[in-house]
Amino acid sequence: MRTVTVVGASLSGLYAARELRAQGFDGRLVLVGDETHAPYDRPPLSKDFLTGRADEARLALTDAEERAGLDAHWLLGVRARGLDARGRAVLLDDGRTVPTDGVVIATGASARRLPGDGLAGVHTLRTLDDARALREELIHGPRRVVVIGGGFIGAETASSCAGLGHDVTVVEAAPLPLVAPLGPEMAAVCAALHRRGGVELVTGLGVAALRGSGAGASRGRDAPRPGRAQEGPAGPPVTGVELSDGRILPADVVIVGIGATPNTGWLAGSTLALRDGVLCDDGCVTGLPQVVAVGDVARVGGSRAEHWTSATEQPRVAVGNLLAGHTVGTVRSVPYFWSDQYGARIQFAGRRRQTDTVRVAEGTVEDGAPGDDGLLALYERDGRTTAVLSVDRPRPFTRARRQLAYDQGPVEPATAAHLGRRPNGDRPASRRGSPGDPVTR
């Protein structure tokens, strides 16, 4: 394997590039990214960056010295438009072709949008450019902010907006925010953080339309459609959000946080199986042994996880399998996520089922919300712990999370050392001894 192309230059793409070099790949390494920015950290966008506590420099995931050490060819600001698996090439939007022997798909996901979100003042929050635009709007005095969606992005953004002094309402179609991962008991406890933060929470109702000044209502009761930020001139300013029960919430700013759609459109027509992501086995390997997928775009072993930890853990195994030419290791980490809301840190690890019982093992619940001493809740099934939730109890949570990983069994990473041969098989290559540019026209 002389050339590997990583399509996607964000968190999982960067980690894949690091793993390629760490596991001994010394051939050509190409990274393709549709944003013009070097890799940056997304979690702070809805928190410290939005509130002005962190600048863009603090978001950077890499620096010039590391990029030089990776010895990679960076193609930023250009999208992939196709994968020619038979010809072993990645096709770019600008007409160029990247010949390659192996591909790491790390194209992530795009924020879902609502019909009518072309109105001025309607935002999603997925990219640095999204965060820049929203932050600019929030600094011009108090605003009436409606956040559609009470998941992680919605809750964190609502918390940041409230902290900036804005009047905030969160609309969540489910009975409670985060009810799917946390279950009803603990979701209710965490939902109380909104009330504590001075944010109104409206649950069990969908959005019928976004209303704009002079434009009436832009309706759309169908499922949200995926897409990127609106281009071209903005429409009339948003004035309100019409709920499914007919109520209208006045709004100067609307933030749509209703999930994300994996970026697989560029793979249409390829032989890869696509269903809510790129279908992979437990080792991130697709139907083509020379193609692996990691991060938000990858459906690994039947599930797709849009979490920071998945994006950073999967590349190690995926790269080992790519260099081996087949699956020699699998991803077996315990699912984990965290969220910072209203000054509290929520952490969750494990796999909860609806039939699991939950009990507060440490801390207290006061008036339906976590007490000042936080809480640690254990989810249990057949006498064993299956998941753990913490609110501001980081040390006991870490112990419980480690125990979950121990109970699951050791992870067997796929690395070149396990293969007993060169990571490039019978085709050793030197990235410094290969003439020419890996990109052709």
Side-chain angles (χ1 to χ4, degrees), residues 10-11 33-61 76-77 108-114 117-171 193-194 197-200 210 212 227-241 249-260 306 308 338-345:
S10 191
L11 181 68
D34 63 353
E35 294 187 65
T36 59
H37 314 293
Y40 60 88
D41 206 14
R42 295 184 191 274
L45 294 179
S46 58
K47 300 183 280 287
D48 288 350
F49 181 79
L50 195 60
T51 58
R53 293 194 298 267
D55 58 15
E56 294 184 18
R58 289 181 57 187
L59 301 179
L61 290 171
L76 300 180
S110 293
R112 288 194 177 102
R113 307 183 71 87
L114 288 172
D117 64 1
L119 297 171
V122 178
H123 298 263
T124 57
L125 186 54
R126 183 79 185 182
T127 69
L128 176 56
D129 291 337
D130 292 339
R132 283 173 173 171
L134 180 56
R135 188 166 76 167
E136 173 65 22
E137 189 149 7
L138 293 174
I139 64 175
H140 298 296
R143 294 287 192 271
R144 297 169 299 178
V145 178
V146 175
V147 178
I148 302 173
F152 301 114
I153 294 296
E156 291 173 359
T157 306
S159 171
S160 295
C161 291
L164 291 171
H166 300 291
D167 180 9
V168 183
T169 301
V170 173
V171 179
L193 294 173
H194 290 284
V199 170
E200 181 181 357
L210 301 178
R228 297 186 178 273
Q230 291 283 345
E231 298 179 357
V238 68
T239 59
V241 175
L249 302 177
D252 306 304
V253 176
V254 173
I255 301 163
V256 180
I258 53 175
E306 296 178 9
W308 194 92
W338 81 91
S339 180
D340 295 323
Q341 304 174 21
Y342 308 103
R345 167 152 289 197

What pairs with [X] under side chain to side chain contact (heavy atoms under 4.5 Å, CB included), at least two apart in sequence or on another chain?
| X | value |
| --- | --- |
| A54 | D48, R58 |
| A158 | V147, V168, V170, Y342 |
| L61 | L11, L14, P39, D41 |
| A38 | R67 |

Identified side chain to side chain contact (heavy atoms under 4.5 Å, CB included) partner of T169 from the options V145, L249, V199: L249

Within this structure, what is the [atom1]-[atom2] distance for the pair [X] and [Y], rounded to the nearest 0.5 Å?
| X | Y | atom1 | atom2 | value |
| --- | --- | --- | --- | --- |
| I139 | T51 | CD1 | OG1 | 13.0 Å |
| Q341 | H194 | CD | NE2 | 5.5 Å |
| L114 | R112 | CG | CZ | 11.0 Å |

When you compare the side chain of [Y] with that of [X], does any pair of heavy atoms fall below 4.5 Å?
| X | Y | result |
| --- | --- | --- |
| L50 | L138 | yes |
| L210 | I148 | yes |
| T157 | I153 | yes |

Contact list for residues 136-148, test salt bridge (charged side-chain N to carboxylate O under 4.0 Å, His left out), sequence neighbours left out: R144-D252

Candidate pair V253 and L134, rule side-chain contact (heavy atoms from CB on, under 4.5 Å), full reasoning: CA-CA 9 Å; V253 176; L134 180 56; 4.0 Å; yes

Compare every heavy atom of [Y] with every heavy atom of [X], then report the nearest pair and how far apart it is.
| X | Y | answer |
| --- | --- | --- |
| F49 | L45 | CB-CA, 4.0 Å |
| V146 | P250 | CG2-O, 3.8 Å |
| A120 | G235 | CB-O, 3.4 Å |
| R126 | A109 | NE-O, 3.1 Å |

Under the side chain to side chain donor-acceptor pair (under 3.5 Å) test, which residues partner [X], sequence neighbours left out?
| X | answer |
| --- | --- |
| E35 | Y40, R42 |
| R135 | none |
| D129 | H37, R132 |
| S46 | E156 |

Working for side-chain contact (heavy atoms from CB on, under 4.5 Å), residues C161 and I255: CA-CA 10 Å; C161 291; I255 301 163; 3.9 Å; yes

Residues forming a salt bridge (Lys or Arg N to Asp or Glu O under 4.0 Å) with D167, sequence neighbours excluded: none

